[in-house]
S.K.: 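Sharing a structure with you now.
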Number of protein chains: 4
Amino acid sequence: MRSKRDNGPTFTERARRAQIVECAINLIAEIGYSQTSISKIAERAGVAKSVVLYYFANKDELLNTVVTEIFLAGAAVMVPAMKAEPTAAGKLRAYIRSNGEFISAHREHALAMLDIWTSYRSASGQRLDEVMVESTKQNPPQGDLAELDPVRILELGQQTGEFREFSAPLMAAAVRSAIDGSVTQSSVDPGFDVMAYCDELVTVFDLATRRNT
Amino acid sequence: MRSKRDNGPTFTERARRAQIVECAINLIAEIGYSQTSISKIAERAGVAKSVVLYYFANKDELLNTVVTEIFLAGAAVMVPAMKAEPTAAGKLRAYIRSNGEFISAHREHALAMLDIWTSYRSASGQRLDEVMVESTKQNPPQGDLAELDPVRILELGQQTGEFREFSAPLMAAAVRSAIDGSVTQSSVDPGFDVMAYCDELVTVFDLATRRNT
Amino acid sequence: MRSKRDNGPTFTERARRAQIVECAINLIAEIGYSQTSISKIAERAGVAKSVVLYYFANKDELLNTVVTEIFLAGAAVMVPAMKAEPTAAGKLRAYIRSNGEFISAHREHALAMLDIWTSYRSASGQRLDEVMVESTKQNPPQGDLAELDPVRILELGQQTGEFREFSAPLMAAAVRSAIDGSVTQSSVDPGFDVMAYCDELVTVFDLATRRNT
Amino acid sequence: MRSKRDNGPTFTERARRAQIVECAINLIAEIGYSQTSISKIAERAGVAKSVVLYYFANKDELLNTVVTEIFLAGAAVMVPAMKAEPTAAGKLRAYIRSNGEFISAHREHALAMLDIWTSYRSASGQRLDEVMVESTKQNPPQGDLAELDPVRILELGQQTGEFREFSAPLMAAAVRSAIDGSVTQSSVDPGFDVMAYCDELVTVFDLATRRNT
DNA sequence: GATGAATGAGCATTCATTCAT
DNA sequence: GATGAATGAATGCTCATTCAT
């Protein structure tokens, strides 16, 4: 795709890829991943179907790009918010609220992400996480991205004595799925107030995790 | 399929339908709804593809049967458990735990249900809940099934003074999505301890809802 | 299907066969031969699909019965009308008018007949007439039915000097297709006045065939 | 299939479409519309089934193209022939003869057209004319094509006094169905002399329409 | 860079027919 | 007599992908 003396992707290439990814996200948010085909994406982007496969080797690569894109956009919002909080309780609060803010601000991205996450199956029936295991194992999240793991926040709080005793992985799973619930709700009811919901979650997990005196 | 003066379904018919539904559930749990085709279901059931369509007018009817079957099986476990509890706090506890018990005992059913719920899209892109709205509006859940609505439990607790003030619909959404999270976790990690997770949830929502003295 | 000491078809058998044939005719007239399936016929008759194939070895036999039935019903109307006319001109007039009367009185039968005649193709693409050739060759129309051949009428008229010189087969083809046109028209426009049309045809072919002095 | 700024169909596209249409016509003429499937058309064209659906969105679009193609080819022959005749009687003669010439010269096209016309039923059982009503209402035949309406010829002749009094619509129906009869005859007997038949029709309708002195 | 052309695999569904009861 | 059960072939159609230009 590029010459030997490689200067990285050209401007056009990046623009086209971004455009295609954007159309894919909109489409997935609108009609669901399972109904989203390459030709529909191409149609919406106003290009030939083969153009999509020129920029992305196959459907899975496009999908992967979409997921990564959204994930990084979310991280860009959440990581700073969490870093700004010194305490574990503060970090947990920031984790929930900043996630909610991203979902509110980028509703379509969140819808697309959740839909892919829950709907995607490879030809052999593997889910996205199963497929991603290899690449993740090779590139475990480092530095800032590791901050996004709720298990770490909870363990931190238990170490500092802010939080009571509980299973950090289980509590983390509860936090994550409760937050994801806001996307599901939002897809059912477009008027769903994600931030109000997340504020409620902040209270819930504050009461549920803090050490009672 | 049957004449007017109807003696109800044959023995064979009930058996075959049950078998097909079972195969469908297994398959959906295994490879996901989007990868589940009628021919794969037939293959697993060891019958010709056309047999499936002999017993179910079309894919949607089969799907509907699957969903209803699983839902009723879940309700059969949950409703008695909740009725046995007099207090709202007890009912909430029973709601979470009995749901967890059903998920543990029928892991494949729960996986299939969740996958259908999140993946299904009609030809026009509608989700299952959107499609079901009409039938639900015509036949709103009555009697025992109404017990399964978590909003009612929470409002009850607020009326009796057991629970603090909060938005019942939002809290209910949190409860539901936290419970559903156990299925997602279970699909990612087959060894996930659903009951331990639900016990943790019981604590979380007990702390989060009870009136602090 | 019947015992050795054969008393011919039982009452039930004849009744069932008649009922099925009737339903087939209605259905073909309504939705066209190509959309008419055995299961639809059975459904309309209120019996199981296999019942239809119990009385008729296969679809073609049912079809054949339908065609024969309608043809004989038409002949029953037309033959007497033609016999009543002594002259060739009178017979031609009677041929057209009585055919029109049959079409008017049994619109569905006529529609079904025409639709089968034009639409039917065997699995190998043969038309109904091609398929029927063998049976017709073995049993050429005799006696009264031979009266229905318009070629004979025209040749008779030429022998008696009533008609001018023309090619009888070609003129006969013109007469037949003009009459059939009334069915086509009637299917397009249910209000089409078949008798008025046939009266016009009578005039047309009277003017067209008579010897001018 | 093509981008917005459109240079019109490619050479390949036009060629392939023409080839597919041609194969469809041959096949319909041979085995009838009801037995003609997309895969058979593709097989005859020597391409994959999906190629047919690459050029025609669905079977109906292909069908429509076939019908339009044949109709326009017929009109191209008939319109000039009729225009060349100044009198109504001449026009009527030209209408019949030029139609016959087209049928003789393009036997397969005529057979296909008639078969589609009589056999086609939409999924809901509508005939081709019923389906075409809307498009025809929006685009009524204009200019030259209006010449092809036999009703107009007959009314013209009555206005000029060339023709006697009769119902023009009924006479037109008779003319049309008599002509169509040549196609039916030709399909039954490949050696049928269409032009001789049409010449006979010319005489028939000349005698039948002209004002007797 | 971009795209038109082509393809094969798969899917849901329809249907005539066979067979055991 | 009647029917439920089962099946294989066929149909229209979608889609991701390949390839030559």
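In what follows, chains are A, B, ... by sequence order, proteins preceding strands, each numbered from 1. As the structure is a prediction and not an experimental result, all values here were calculated from the model.
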S.K.: Represent DNA chain E in dot-bracket notation, 5' to 3'. Only Watson-Crick or G-U wobble pairs with both distances under 3.5 Å count; pseudoknot-style crossings use [ ] and interstrand partners use |.
M.R.: .||||||||||||||||||||
S.K.: Given dT17(F), dT13(E), dT11(F), which nucleotide is nearest the side-chain atoms of Asn58(A)?
M.R.: dT17(F)
S.K.: From the set dT7(F), dT17(F), dT11(F), return the single nucleotide nearest to any side-chain atom of Lys40(D).
M.R.: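 When the side chain of Lys40(D) is considered, dT11(F) is the closest of dT7(F), dT17(F), dT11(F).
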S.K.: From C-beta outward on Val47(C), which listed nucleotide comes closest to its side chain: dT3(F), dT18(F), dA10(F)?
M.R.: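 From the listed options, dT3(F) comes nearest.
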S.K.: Just by modelled atom types, is the Ser34(B) backbone N or O under 3.5 Å from a matching donor or acceptor in the Arg121(A) side chain?
M.R.: no
S.K.: CD of Gln19(B) versus C1' of dA5(F): gap in Å, rounded?
M.R.: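 Taking atom C1' of dA5(F) as the reference, CD of Gln19(B) is at 13 Å.
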S.K.: dT7(F), dT3(E), dG10(E): which one has an atom nearest the side-chain heavy atoms of Ala48(B)?
M.R.: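 Of the candidates, dT7(F) comes closest.
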S.K.: Rounded to whole angstroms, how far apart are OH on Tyr33(D) and P on dT11(F)?
M.R.: 13 Å
S.K.: Run Ile28(D) and Leu111(D) through side chain to side chain contact (heavy atoms under 4.5 Å, CB included) and show every step you take.
M.R.: CA-CA 8 Å; Ile28(D) 295 169; Leu111(D) 284 172; over 6 Å; no
S.K.: Which comes earlier along DNA chain F counting from the 5' end, the contact point of Lys49(D) or that of Phe11(C), where each point is its nearest nucleotide?
M.R.: Phe11(C)
S.K.: Could you check which of dG8(E), dT3(F), dA6(E) has an atom nearest any side-chain atom of Ser50(D)?
M.R.: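 Ranking dG8(E), dT3(F), dA6(E) by closest atom to the Ser50(D) side chain puts dG8(E) first.
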S.K.: Would you say Arg16(C)'s side chain and Val51(C)'s backbone share a donor-acceptor pair under 3.5 angstrom?
M.R.: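 The answer is no, because no donor-acceptor pair under 3.5 Å joins these two groups.
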S.K.: Measure the distance from CZ on Arg17(B) to C1' on dA6(F) and round it to the nearest whole Å.
M.R.: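 Result: 16 Å.
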S.K.: Examine distances only and state if a side-chain atom of Glu108(C) and a backbone atom of Ile25(C) form a donor-acceptor pair shorter than 3.5 Å.
M.R.: no
S.K.: If you only use heavy atoms from C-beta on, which nucleotide in dT7(F), dT14(F), dA16(E) is closest to the side chain of Lys59(C)?
M.R.: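 Shortest atom-to-atom distance from the side chain points to dA16(E).
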S.K.: Between Asp60(C) and Gln35(B), which has a closest nucleotide on DNA chain E that is more 5'?
M.R.: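 Taking each residue's closest nucleotide, the earlier one in sequence belongs to Gln35(B).
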S.K.: Taking Arg17(D) for its side chain and Thr65(D) for its backbone only, find out whether a donor-acceptor pair lies under 3.5 Å.
M.R.: no
S.K.: I need the CZ-P distance between Arg121(D) and dG12(F), as an integer number of Å.
M.R.: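 Answer to the nearest Å: 18 Å.
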S.K.: Can you measure Ile41(C) atom CD1 to dT14(E) atom P for me and round it to whole angstrom units?
M.R.: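 It is 17 Å, rounded to the nearest whole Å.
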S.K.: Provide, to the nearest angstrom, the distance between the OH atom belonging to Tyr54(B) and the P atom belonging to dT18(E).
M.R.: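 Roughly 17 Å, once rounded to whole Å.
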S.K.: Is it the case that the base of dG4(F) and the side chain of Thr12(B) share a donor-acceptor contact (distance under 3.5 Å, atom types as modelled)?
M.R.: no
S.K.: Side chains of Ser122(A) and Ser124(A): do they bring a donor and an acceptor to under 3.5 Å?
M.R.: yes
S.K.: Can you find a side-chain donor-acceptor pair between Ser39(C) and Ser37(C) that sits under 3.5 Å?
M.R.: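 Yes.
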S.K.: Of the listed nucleotides (dT13(E), dC15(F), dT14(E)), which one gets closest to any side-chain atom of Ile38(B)?
M.R.: dT13(E)
S.K.: What's the closest nucleotide to the side chain of Leu53(D) if the choices are dC13(F), dT7(E), dC15(F)?
M.R.: dC13(F)
S.K.: Within the modelled atom types, does a donor on one side and an acceptor on the other bring the side chain of Thr10(B) and the base of dG4(F) under 3.5 Å apart?
M.R.: no
S.K.: Could you give the CZ-to-P distance, from Arg14(B) to dG4(F), as a whole number of Å?
M.R.: 15 Å
S.K.: Let me spell it out: for each of Ser37(C) and Arg16(D), pick the nucleotide of DNA chain E with the closest heavy atom. Which residue's pick is nearer the 5' end?
M.R.: Arg16(D)
S.K.: Nearest-Å distance, CD (Glu61(C)) to P (dT17(E))?
M.R.: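 It works out to 11 Å between those atoms.
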S.K.: What I want to find out is whether Arg44(D) reaches Glu30(D) closely enough, with some N-O distance under 4.0 Å, to be called a salt bridge.
M.R.: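 Yes, charged N to carboxylate O under 4.0 Å.
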